[in-house]
Amino acid sequence: MKTKILLADDESDLEDLFKQHFRRQIHNHTYEFIFVRDGQEALTVLEQQLDIDVVLSDINMPGMDGLTLLAKLSEINPIIRTVIVTAYGDMSNIRTAMNRGAFDFITKPINFKDLELTLEKTIRSASQLRETVELKAVDEMKTRFFTNITHELRTPLTLIVSPVDNLLETPNLPTAFQNQLSTVQRNARQLLRLINQLLDINKLEAQQMDLVNEVGDLASFVGQIVDLFRPSTTIKQLVLTYQTNLPAGNYLFDAGKWEKILYNLLSNAIKFTESGSISVSLTHTPTMAQLTVSDTGIGIAADKLPHIFNRFYQVGPRSVDTSRSRTYEGTGIGLALVHELTVRLGGTITVQSQLPGLNGHSGTHFRVEIPLQQAGAMTPQKIESRLSVDVPIVPSELAHPTTATLSDNTPLVLVVEDNAELREFIVAELATTYRIRSAANGYEGWMVAKEELPDVIISDLMMPRMDGYELIHQLRADPATDHIAVILLTASVEADSRLKGLDQGADEYLTKPFHLGELRLRLRNLLTRQEKLREEYRQQFTRTDQSTPLVTIQDQFLGRLYQLLEERLDDSSLSVEWLADQLALSRKTLYMKVNKLLQVSPNDLIRQYRLRKAIDLLRAGHNASETAYMVGFESPSYFTRVFKEFYQQTPTDYIRQ
Ligand code: ADP
């Protein structure tokens with residue numbers, strides 16, 4: 001890259017000297033020199049050409065001298081690096097120049113070897129500086145953009161939340177409406193909370209968040225907030241305790257910030273604890289309030305602890321991570337905000353944690369210390385928390401009562417989704433039409449799939465323990481489940497995840513947020529397609545007017561099955577056990593699979609296959625008793641009976657016809 005260098009000097013022969021000495025660099029465009037005669041001229045050029053990074057300047061010049069120029073430079077362009085060129089021994093001017101921010105100096109008469117080295121060093125420094133400044137500008141732009149977007153999101157969200165809140169107040173609202181509106185309310189609130197947290201953290205980082213002190217009873221305020229979380233802990237069957245020895249009385253504190261700190265610590269504690277208890281305590285020293293929130297949850301690994309207060313940081317899953325697997329939902333903002341808020345309040349936060357070990361105890365303990373201010377004689381206000389805490393959704397098997405009324409022939413759909421609320425929503429929507437099973441992650445889904453062989457699986461892509469790709473991979477690799485159709489739901493729109501999903505054997509692909517109507521439609525299409533195929537497979541046995549197309553079947557599993565039946569066509573001892581063995585399936589799975597595909601039992605299938613083959617043989621000119629033995633019947637009379645039952649005529653009648 002070319003560096004532009006401005007040389008300000010009233011000595012006219014210097015220009016030629018430079019051109020002569022740097023002709024190589026000028027020729028190959030490494031350097032471009034601009035020559036001016038005094039400080040004023042230099043300023044004019046610099047104001048117009050903002051890409052000049054290096055200035056070489058004499059000190060004594062007729063118009064504006066070099067020292068004055070130097071003083072003005074930083075205003076024009078802080079990136080510029082100036083090298084002073086002055087008489088040897090002019091120590092006091094050199095000192096002044098260095099104090100005014102000159103980067104370096106060289107003395108006259110100019111030693112060009114020295115000048116070259118000095119220039120190189122100066123240019124390096126200038127370009128580093130430019131990079132830093134540019135990066136900072138980009139960063140500021142990003143932050144500004146981010147803040148703008150967040151602000152823009154807040155207004156429409158507020159306009160969703162308020163009307164929904166109002167609607168929910170409607171007397172005698174039908175339950176169905178109430179349920180759906182509550183879902184909207186909960187999710188819109190959650191989005192709003194997230195956005196507010198983002199705005200808060202930006203404000204805190206830009207040091208634009210003010211303290212808003214109120215006078216009131218701190219201990220009871222904290223108690224109020226803890227109580228807001230009681231329903232959440234009850235649902236998860238956790239014990240929630242609050243202890244304080246802070247005397248009731250007047251304190252000066254920023255309730256809004258305390259509230260946010262507590263909200264985040266408590267939500268996390270509940271989120272990451274499956275059994276045991278959550279305890280909150282508020283104690284004090286003469287100058288400090290000490291708040292602790294402890295849980296008996298999953299704990300945080302020691303090497304992760306130093307990072308948890310970083311913005312966007314989330315502790316990943318413990319297993320070898322595929323970056324798509326998240327164990328819990330979240331954004332990694334909560335604790336960063338807690339940290340910033342605590343610091344803003346002049347306090348500190350510390351954490352201790354224990355992973356489940358040999359003794360079985362695990363848990364996390366946060367301790368926040370914030371300066372305590374007595375309010376003295378000030379009049380206390382009743383401080384009410386403005387928080388709304390949503391109770392987490394717990395998956396309940398009782399949630400699909402409608403399923404019970406559907407017949408056993410109704411298609412079975414498995415919904416695999418880690419977000420409990422979305423899962424329940426899909427389940428509730430489909431449960432009126434289909435039999436439904438659900439699972440909270442790929443692994444659970446895989447277990448259910450093997451057990452029940454659903455007709456279709458609707459699966460999320462990003463899930464803890466086993467993601468959607470892996471689930472499909474498992475399904476396709478197992479002969480018991482390789483036929484099951486899969487609809488993948490995914491948040492990512494990138495073409496490659498779509499391709500990857502289809503490549504792994506997904507049948508359909510829907511991008512979140514998806515339209516429920518579309519999901520229903522695709523599901524119905526898949527099921528209709530399956531039904532059509534089934535019908536076609538079934539008809540192959542009953543059609544007697546043409547040669548059998550059985551071997552050309554597309555379905556891999558049926559193809560293999562028919563091949564086995566063909567191999568032992570005349571063997572009357574052929575058993576279902578043998579078939580299951582050959583296909584690497586259990587008897588039960590073979591039964592379910594055959595029943596799914598053809599709606600007959602494996603025994604019936606063996607018989608029907610043989611009867612269908614008998615048709616071909618009879619058409620080819622074999623008589624009835626020959627045919628009976630060729631297709632594995634022990635006696636011609638039994639063959640005749642079964643044949644008549646199935647085709648409504650005896651083999652002899654068929655030949656005659
Ligand atoms: P989020 O919960 O949205 O992911 P946070 O900043 O609140 O973000 O938390 C960051 C990470 O710290 C979490 O993802 C989680 O792994 C870990 N963490 C926070 N609180 C707890 C807790 N009480 N127990 C276990 N892990 C926790």
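Quick caveat: nothing in here was measured; it's all calculated off a predicted structure. Whatever order the structure lists them in is the order used to number ligands and atoms, beginning at 1.
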(message) With respect to G332, determine whether any N or O atom, backbone or side chain, lies less than 3.5 Å from an N or O atom of ligand 1.
(response) yes
(message) For N441 and E417: C-alpha separation, side-chain torsions, deciding distance, then whether side chain to side chain donor-acceptor pair (under 3.5 Å) applies.
(response) CA-CA 6 Å; N441 60 55; E417 163 66 62; over 6 Å; no
(message) Counting only heavy atoms not in E452 (residues, nucleotides, ligands), do more than 12 fall under 6.0 Å from its CD?
(response) yes
(message) Show the atoms of ligand 1 that are less than 4.0 angstrom away from any heavy atom in I333.
(response) 6 (O), 8 (O)
(request) Check ligand 1 against G334 and write out every atom of the ligand that is under 4.0 Å from a heavy-atom position of the residue. (result) 5 (P), 6 (O), 7 (O)
(request) May I ask whether N264 has any heavy atom positioned less than 4.0 angstrom from an atom of ligand 1? (result) no
(request) Answer yes if the side chains of T292 and S281 hold a donor-acceptor pair under 3.5 Å, and no otherwise. (result) yes
(message) Using heavy atoms and a 4.0 Å limit, tell me yes or no: is K304 in contact with ligand 1?
(response) no
(message) Considering both backbone and side-chain atoms of I298, is one of its nitrogen or oxygen atoms within less than 3.5 Å of a nitrogen or oxygen in ligand 1?
(response) no
(request) Ignoring hydrogens, just give me the one of T273, L335, N310 whose non-hydrogen atom is nearest atom 5 (P) of ligand 1. (result) L335
(message) Looking only at side-chain N and O atoms, does Q208 offer a donor or acceptor that is under 3.5 Å from a partner on N202?
(response) no
(message) As a test of understanding, state which of D254, D200, L204 forms a side chain to side chain contact (heavy atoms under 4.5 Å, CB included) with R344.
(response) L204
(message) So for atom CD, which belongs to Q207, do other residues, nucleotides or ligands contribute more than 12 heavy atoms lying within a distance under 6.0 Å?
(response) no
